[in-house]
Amino acid sequence: MKIHEYQAKELFAKFGISVPQGEVAETPEEAFSAAGRIGKKVVVKAQVHAGGRGKGGGVKMASASGEAKTEAEKIIGMNLVTHQTGPEGKLVRKVLVEEAIEIENELYLGMVIDRETSCVVVIASEEGGMEIEVVASESPEKIVKEFIDPAVGLRPFQARKIAFGLNMPKELLRGTVKILLNLYRLFTETDTSLVEINPLAITKDGRILAADAKINFDNSALVKHPDIAKLRDLNEEEPTEIEAAEHNLSYVKLSGKVGCMVNGAGLAMATMDIIQHYGAMPANFLDVGGAASAERVEKAFNILLSDSNVKAVLINIFGGIVRCDRVANGVIEAAKRQGVSVPVIVRLAGTNSDIAAEILQSSDLKFTVAENLADAARKAVEATEN
Ligand code: GDP
Ligand code: MN
């Protein structure tokens with residue numbers, strides 16, 4: 001789960017990480033009074049779950065309350081397009097009005113789980129403010145990495161090593177170590193999967209502050225943190241994914257043309273791989289679960305087909321817990337009720353798969369029954385090419 005910058009900064013403050021003084025606003029009037037309370041030059045920042053807002057025109061300076069209101073009028077309601085939103089952009093509903101800081105230097109600080117070493121890795125760079133991927137490819141020597149053994153945690157000597165790696169001026173070393181230790185504490189105590197401060201700003205008056213804040217949480221751990229779960233903003237999430245979750249279907253929307261309906265997460269991943277192997281991209285990940293009942297199949301069709309990119313559907317069901325003939329009947333029923341108009345390629349394996357093939361072939365709907373998974377993938381990819 002992602003949260004907004006203003007929420008991440010509130011959490012930073014709770015964990016002792018300095019942030020500029022700020023308030024969230026949902027209307028230009030609220031922005032006006034927030035700027036008044038702050039009482040100095042402010043920045044007005046679009047709150048959406050995507051980075052690159054600065055370049056997209058979602059971060060503006062304002063020297064007085066009236067100007068803050070004018071900027072908020074432009075930003076609230078705008079469709080912000082950044083390299084992270086995709087060309088369709090994101091509607092801005094809130095802004096963060098924040099004391100403008102005079103930045104001397106912009107650094108980068110991130111923590112993320114590294115699956116290869118099973119450690120948290122701290123990534124830091126004196127080249128902040130821009131995308132870390134660009135720094136990594138153009139000046140990799142400017143990136144400092146430190147792996148943290150989860151059994152021991154981030155040790156002060158490691159934090160100092162990172163601070164030295166950032167070429168921190170002597171008087172900011174202690175402050176930097178404090179930020180690192182507090183950020184690591186936040187990372188582990190709230191079950192974060194990623195935190196990013198870009199830029200970590202050194203101000204002209206010698207302070208060190210988180211000027212931006214990004215946090216992603218591990219969804220599986222949210223049950224442990226009801227306060228954090230409350231920060232979820234459904235406006236920022238894919239509506240079909242929310243609907244799928246309400247029906248206990250695991251669905252992730254992707255950008256390809258082959259809609260997939262599969263039972264079992266592993267089989268769903270394999271299905272996506274084989275679609276790519278035959279030259280097309282999957283439109284989604286969808287696991288209908290072990291018991292692929294008619295209702296679930298119908299709901300799955302409904303969600304799949306609401307994506308207008310889908311040009312063919314590949315159903316790949318292994319009949320272990322559920323019998324294939326029951327799945328076949330469910331598929332026919334659902335397809336009739338949903339009025340499926342794209343080609344549907346079905347691969348059913350397991351108990352009663354031969355009966356299932358007969359049922360599908362003798363139905364008046366034009367299903368393509370595949371012989372095996374490779375055959376199914378090939379046919380699905382071909383169907384998107386017509
Ligand atoms: P992002 O573009 O979505 O990553 O949004 P950021 O919060 O990182 O803002 C983009 C850029 O705006 C930063 O890299 C800074 O250069 C600039 N910026 C943001 N807040 C301030 C501020 O208070 N003072 C100054 N001088 N620049 C700021
Ligand atoms: Mn940023």
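FYI, the numbering just counts along the sequence from 1. Atoms considered below: every heavy atom in the structure, side chains included; atoms not considered: hydrogens, waters and symmetry mates. Counting convention: from 1, in listed order, for ligands and their atoms alike.
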Problem - Polar side chain donor-acceptor pair, D233 to H49, under 3.5 angstrom - result: no
Here the N/O/S atom of D212 closest to the Mn ion (ligand 2) would be OD2
The atoms of ligand 1 lying under 4.0 Å from a heavy atom of A100, numbered in the order shown, are 23 (O)
So the atoms of ligand 1 within less than 4.0 Å of a heavy atom of G54 turn out to be 1 (P), 2 (O)
field: Any N/O pair E98/ligand 1 closer than 3.5 Å
entry: no
Kindly confirm or rule out an N or O of I101 lying under 3.5 angstrom from an N or O of ligand 1. yes
Check: At a 4.0 Å cut-off, with the gap strictly under it, does some heavy atom of M61 reach an atom of ligand 1?
Finding: yes
Which donor-acceptor pairs under 3.5 Å do side chains of residues 267-283 form with protein atoms, sequence neighbours excluded?
| unit_1 | atom_1 | unit_2 | atom_2 | d |
| --- | --- | --- | --- | --- |
| T271 | OG1 | L267 | O | 2.6 |
| T271 | OG1 | N316 | ND2 | 2.9 |

Here the atoms of ligand 1 under 4.0 Å from any heavy atom belonging to K45 are 6 (P), 7 (O)
Within the 4.0 Å heavy-atom cut-off, what K55 brings close to ligand 1 is neither
(request) May I ask you to decide if F147's main-chain N or O and Q158's side chain share a donor-acceptor pair within less than 3.5 Å? (result) yes
Per salt bridge (Lys or Arg N to Asp or Glu O under 4.0 Å), E99 is matched among R207, K45, K41 by R207
For N198, the ligand 1 atoms with a heavy-atom partner under 4.0 Å come out as 8 (O)
* Asked: Right, does atom 22 (C) of ligand 1 have protein non-hydrogen atoms nearer than 4.0 Å?
  -> yes
Check: of V59, I197, T82, T203, min heavy-atom distance to atom 19 (C) of ligand 1 comes from V59
*Do Y6 and E23 have side-chain atoms, one donor and one acceptor, less than 3.5 Å apart?*
no
Does ligand 1 have any atom that is closer than 4.0 Å to a heavy atom of P20? no
